[in-house]
Amino acid sequence: MPSNHDPSSSQEAPPSPQPPRAVPDLALVRTDLANERTLLAYGRTALMLVATGVSLVKFLDVSFDFVVLGWGLIGCGAIVGAIGTYRFASLKQRLNKVREG
């Protein structure tokens with residue numbers, strides 16, 4: 001019985017090469033996620049400082065010392081928030097430069 005499959009007459013197209021998929025560098029991914037967690041920690045700390053300062057100014061204004069301490073904590077909270085945002089942005093920028101090559 002003759003075979004219907006003749007390898008020489010087969011006109012199958014060769015498999016098309018798949019474009020190489022970019023494999024993410026896991027160390028960069030972990031660093032990026034850690035950077036985001038650090039930004040959240042800065043945000044929580046800044047929020048705690050500001051909330052404590054507002055509480056001292058609004059609810060314990062019996063003494064000038066509490067008012068000064070409250071405004072100082074509000075200022076410190078703003079500074080901590082600004083530092084955290086700056087550090088997040090600078091590391092994000094460096095990571096993007098590393099990813100681009």
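What you see below is based on every heavy atom in this structure, not just the backbone, and it leaves out hydrogens, waters and symmetry mates.
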Asks: Under the side chain to side chain contact (heavy atoms under 4.5 Å, CB included) rule, collect the residues that match up with Leu33, sequence neighbours excluded.
Replies: Val29, Glu36, Arg37
Asks: Do Phe88 and Leu47 belong together in a cluster built from hydrophobic side chains that touch within less than 4.5 Å?
Replies: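 Different clusters: Phe88 never reaches Leu47 through Ile, Leu, Val, Met, Phe, Trp or Tyr contacts under 4.5 Å.
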Asks: Quick check for you: to the nearest 0.5 Å, what is the distance between Asn35 atom CG and Ser90 atom OG?
Replies: 8.0 Å
Asks: Who are the side chain to side chain contact (heavy atoms under 4.5 Å, CB included) partners of Val54, not counting sequence neighbours?
Replies: Val50, Lys58, Ile74
Asks: Enumerate the salt bridge (charged side-chain N to carboxylate O under 4.0 Å, His left out) contacts for residues 76-89, please, sequence neighbours excluded, ordered by first and then second residue.
Replies: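 For residues 76-89, and leaving out neighbouring residues, there are no salt bridge (charged side-chain N to carboxylate O under 4.0 Å, His left out) pairs at all.
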Asks: Once side chain to side chain contact (heavy atoms under 4.5 Å, CB included) is applied, do any residues pair with Val80, and if so which ones, sequence neighbours excluded?
Replies: Tyr42, Thr45, Ala46, Leu49
Asks: Can you find a pair of side-chain heavy atoms, one from Trp71 and one from Val57, that are under 4.5 Å apart?
Replies: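 A side-chain contact exists here, since the closest heavy-atom pair is under 4.5 Å.
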Asks: What residues form a side chain to side chain contact (heavy atoms under 4.5 Å, CB included) with Arg99, not counting sequence neighbours?
Replies: Leu28, Asp32, Leu95, Asn96
Asks: Hey, what do you get for CG (Asp25) to CZ (Arg30), rounding to the nearest 0.5 Å?
Replies: 8.0 Å
Asks: I'd like to know if Leu73 and Met48 are part of one continuous hydrophobic network [Ile/Leu/Val/Met/Phe/Trp/Tyr, side-chain heavy atoms within less than 4.5 Å].
Replies: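 Same cluster: Met48 reaches Leu73 through Ile, Leu, Val, Met, Phe, Trp or Tyr contacts under 4.5 Å.
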Asks: Would you list the pairs meeting salt bridge (charged side-chain N to carboxylate O under 4.0 Å, His left out) in which at least one residue belongs to residues 72-83, sequence neighbours left out?
Replies: none
